[in-house]
Amino acid sequence: MTAREVILARLRAALDTAAPLPVEVPRDYRRDGPADLDRLVDRLTDYRAHVHQVAEAEVADTIAGIVPAAASIVVPPGLPPAWLPPTVTVLPDDDLDNARIAAADAVVTAAAVAIADTGTVVLDGSSDQGRRVLSLLPDLHICVVHTAQVVATVPAALARLTPRRPLTWISGPSATSDIELTRVEGVHGPRTLHVILLP
Amino acid sequence: MTRTFLGMPATAPKGVGQLRGAEPFPAAARRALADAQLRRNLGHATATIRAKSGAVIGEVPDWEQLRAAGSAIKADVLARLPELLEQLEAQVTAAGGVVHWAADANEANAIVVDLVRATGSDRVIKVKSMATQEIGLNEAFESAGIVPVETDLAELIVQLGDDRPSHILVPAIHRNRAEIREIFLRAMPGVDPALTDEPAVLAAAARRFLRQAFLSTPVAVSGANFAVAETGTLAVVESEGNGRMCLTLPETLITVMGVEKVVPAWRDLDVFLQLLPRASTGERMNPYTSMWTGVTPGDGPQEFHLVLLDNGRSAVLADEVGRQALHCIRCSACLNVCPVYERTGGHAYGSVYPGPIGAVLSPQLTGVADNASLPYASSLCGACYDACPVKINIPELLVHLRDQAPHPPGESAVMAAAAYAMDHPALFAAAQRATRLRRLTGRRGQALPPPLSGWTAGRDLPDPPTQTFRQWWASR
């Protein structure tokens, strides 16, 4: 008997001794609601993300105001070039190695979905978001979100996402509460998160 | 061993893993209670997390609907567990992962050690995982000459301090900042000797210490919070980014999960991704949640192994009442509200699963005889049931398991004597009169003599009334 057969036989025997009744799952929880931008901003700010509400034409200037002059910025292949200020050194991800990504000053990505209730942005690895490592190793992450990508609730976000893609849900910068339950922003992931919210 | 025997529900084996304490709860608890520093640390930490969690749960208008849905989804999972695991296996395999089955801790450890050896690495980075602690995976690595590096800050504190975790979510909850600074100065290679005890400074020291391990270790081990049968998707929730590092950077990822962690459908995450962060860390959403399905070409580990672990879960499933302990999503809300946990801390429970959920889960995983004192590690106040985001009726389970625990040999004799007296009115009246004698003995009379002294070791005997009901009735 393989371990697989043993475990499945054990579980079936366990259920045979006292067969559970079929279960109906009540799903009367909130699925969706109005996507409230003020709430998203409030929740992002509450978890120490910096929020900038600007027009799309102002993205490059906004980024120029966040990063130091001549900063090196990692960029996924499908990011709109117009978002990047001319003052920075762009490192497009043509299979960059981890050391170069880690040494960069910042990374700029788009997002797939944002959740107002929880102050979350979700990346799904599309070409304007790139490989997961891009938004992980640099110490500063700038994430550009369109208003049309904002939903109210977690269920509404899940409904928009594709499970087969690698997903990273980000709610504020990296943090820990492991020492006396005191929240400290910035452990292993980016210690600073800026969200640029476009109309 | 016959095939029939192999296929019957089995408890977790002895001699491996961390489900059994070295001594019974009352003895361990007594020592913990004598540690004033421990009690201060625990009192502060549990009060903080209760307040945070209460505030963010209060923001959710449909919290009770979510709890009801979470409880029902878990009951549905258990009712269909074999078929859901087969579906999960098929989906993970189709997405390029490899699924392994481990009937117990020994099998799981052997599988994981072999997989790490096959990578050629003598070091492995680890994401905090209850399942791998349960099976004693780090000890198995060390025996095999492989160095496990715990990357969660609290787990790192525990590992460097040569200590044991004392809380499901915050394993170093029993340590304060000054103690953590001491541990880092003593045991963290290359640490700045001018380290202060500011939490931000301590966290930065861990960041520097672990960065190189993240970038240079080719294999990681994680647990899983959820596994979706319908899609083959695994999910890990975390805060620090150490999880993302381990799930993204290595070439090989090995995930060990208890079989009960499977959920049927993608939309079931609707419920659990709302319940878990608010009930556990008291956040609207934890900073990072990673989801992956098998292997994604060009992004993250190109080799993925999923180890499905029984280790006593089939035995829990076989108990019609006890099986609800398998609903647990490891949020630790029950620890934070428990008046017993708040005073004794997690070590007194012996197992890696402490607190109220540990008191009902550990004895079932090992068989009640091996953790017989744990079902009594509770005042049955019921706060844990109220706090549980998936509505596990822990008090009901505690009473159920007390029934199964071995009882003191004198107990049935005393009960039989009491039943006989109650059946004979004259004898009963005489016994009632006899209790009044105790009024003459003063405070010393608040304890019973052996063999009944165990009953009064932790409580006073109530004062008998001056008049029995029968005497009062007769005198009207």
Side-chain angles (χ1 to χ4, degrees), chain A residues 1-4 6-15 17-18 20-30 43 47 98-99 102 115 117-120 125 131-133 136 154-155 158 163-182 184 186-189, chain B residues 3 6-9 45 48-49 62 65-66 68-69 72-73 75-76 78-79 81-82 101-103 107 153-154 170 172 176-177 180 199-200 202-203 207 215 231 233 239-242 244-245 248 266 269-270 273-274 281 284-285 287-293 296 299-300 310 314 317-318 320:
Chain A
M1 239 177 156
T2 64
R4 181 183 190 278
V6 168
I7 294 171
L8 289 172
R10 283 177 177 179
L11 296 175
R12 292 203 167 96
L15 292 169
T17 52
L21 300 170
V23 181
E24 191 66 40
V25 176
R27 297 203 188 253
D28 51 351
Y29 53 82
R30 281 180 317 146
R43 301 282 150 96
Y47 282 171
N98 290 343
I115 308 168
D117 269 5
T118 58
T120 304
R131 298 184 287 150
R132 285 171 284 174
V133 66
L136 177 59
V154 169
L158 283 160
R164 187 63 182 82
R165 306 192 73 92
L167 302 175
T168 305
W169 298 48
I170 299 170
S171 309
S174 149
T176 184
S177 299
D178 278 350
I179 300 169
E180 298 182 11
L181 273 303
T182 304
V184 174
V187 196
H188 304 296
Chain B
R3 294 168 71 87
L6 263 177
M8 291 310 286
T48 304
I49 203 162
D62 55 344
Q65 285 92 320
L66 290 167
I73 292 167
D76 180 39
L78 297 186
L81 194 49
W101 301 70
E107 287 188 14
L153 178 55
V170 204
N176 66 17
R177 60 183 71 187
I180 293 165
L202 295 168
R207 177 186 171 99
L215 288 170
T231 62
T233 307
S239 295
E240 296 169 11
N242 63 307
R244 291 178 68 190
M245 294 279 179
T248 307
W266 179 248
L269 297 178
D270 284 4
L273 287 181
Q274 296 193 72
T281 52
R284 297 184 188 104
M285 188 63 86
Y288 297 133
T289 297
S290 295
M291 299 182 193
W292 72 99
T293 307
T296 306
D299 185 353
D310 177 351
S314 54
L317 186 66
E320 196 176 2

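Note on naming: letters A, B, ... go to the chains in the order of the sequence lines (proteins, then strands), and numbering restarts at 1 for each one. All values reported here derive from a predicted model rather than from experimental measurement.
Contact count against chain A (heavy-atom pairs under 4.5 Å) is highest for B:Asn176 among B:Thr281, B:Leu202, B:Asn176. Between chain B and the options A:Ile115, A:Asn98, A:Ile170, heavy-atom pairs under 4.5 Å are most frequent for A:Ile170. When each of B:Met291, B:Met245, B:Arg207 is scored by its heavy-atom pairs under 4.5 Å with chain A, the top score falls to B:Arg207. Counting heavy-atom pairs closer than 4.5 Å to chain B, the top residue among A:Ala99, A:Ala175, A:Gly186 is A:Ala175. Taking chain A as the reference chain and counting heavy-atom pairs below 4.5 Å, the highest number among B:Leu153, B:Thr48, B:Thr233 is found for B:Leu153. Per-residue heavy-atom pair counts under 4.5 Å with chain A were compared for B:Arg177, B:Gln274, B:Glu320, and the maximum is reached by B:Arg177. For the set B:Pro287, B:Ser314, B:Ala45, B:Gly241, the entry with the most heavy-atom pairs within less than 4.5 Å of chain A is B:Pro287. Contact count versus chain B (heavy atoms, under 4.5 Å) is highest, among A:Pro163, A:Ala18, A:Pro155, A:Pro166, for A:Pro163.
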### Task
Would you check, one step at a time, whether the test side-chain contact (heavy atoms from CB on, under 4.5 Å) holds for B:Leu273 with A:Trp169?
CA-CA 11 Å; B:Leu273 287 181; A:Trp169 298 48; 3.9 Å; yes

### Task
Would you please test A:Arg27 and B:Ile73 for side-chain contact (heavy atoms from CB on, under 4.5 Å) and show each step?
CA-CA 10 Å; A:Arg27 297 203 188 253; B:Ile73 292 167; 4.1 Å; yes

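For the residue pair A:Arg10 and B:Pro9, the shortest heavy atom distance occurs at O-CG, 3.6 Å. When all heavy atoms of A:Pro26 and B:Ala69 are compared, the closest pair comes out as O-CB, 3.3 Å. The nearest pair of heavy atoms linking A:Val154 to B:Asp270 is CG1-O, 4.1 Å. In plain terms, the two heavy atoms of B:Ala203 and A:Val184 that are nearest each other are CB-CG1, 4.1 Å. In this structure, B:Thr248 and A:Val133 approach most closely via the heavy-atom pair CG2-N, 3.7 Å. Taking all atoms of both residues into account, the shortest heavy-atom contact from B:Pro82 to A:Leu15 is CD-CD1, 3.6 Å.
Rounded to the nearest 0.5 angstrom, B:Thr293 OG1 and A:Arg164 CZ are separated by 6.0 Å. Considering CG of B:Asn242 and OG of A:Ser174, their distance stands at 8.5 Å, rounded to 0.5 Å. Taken from CG in A:Leu158 to CH2 in B:Trp266, the straight-line distance is 5.5 Å, to the nearest 0.5 Å. For the atom pair CD1 of A:Ile179 and CD1 of B:Ile180, the computed distance is 4.5 Å after rounding to the nearest 0.5 Å. Expressed to the nearest 0.5 Å, how far OG1 of A:Thr2 lies from CH2 of B:Trp101 amounts to 9.0 Å.
Residues forming a salt bridge (Lys or Arg N to Asp or Glu O under 4.0 Å) with A:Arg131 (at least two apart in sequence, or on another chain): A:Asp93.
Judged by distance alone, the side chain of A:Arg132 and the main-chain N or O of B:Asp299 form a donor-acceptor pair under 3.5 Å. Distance alone, capped at 3.5 Å, places no donor-acceptor pair between the B:Asp62 side chain and the A:Tyr29 backbone.
Only the side chain of A:Thr120 has a heavy atom closer than 4.5 Å to any heavy atom of chain B. The part of B:Leu215 that comes within reach of chain A is its side chain, from C-beta onward, which places non-hydrogen atoms under 4.5 angstrom from that chain. For a residue to count as touching a neighbouring chain, one of its non-hydrogen atoms must lie under 4.5 Å from one of that chain's; by this rule B:Ala68 touches chain A with backbone and side chain alike. A:Val187 touches chain B through backbone and side chain together, each having a heavy atom under 4.5 Å away. Only the backbone of A:Pro173 comes within contact range of chain B, judged by heavy atoms closer than 4.5 Å.
Look at B:Arg284 and A:Asp117 and you find no salt bridge, because none of the NZ, NE, NH1 or NH2 atoms lies under 4.0 Å from a carboxylate O.
Side-chain atoms of A:Leu167 and B:Trp292, non-hydrogen and from C-beta on, never get closer than 4.5 Å to each other. Within the 4.5 Å cutoff, no side-chain heavy atoms of B:Met8 are placed close to those of A:Val6.
Judged purely by distance below 3.5 Å, without hydrogens or angles, the side chains of A:Thr176 and B:Glu240 pair a donor atom with an acceptor atom.
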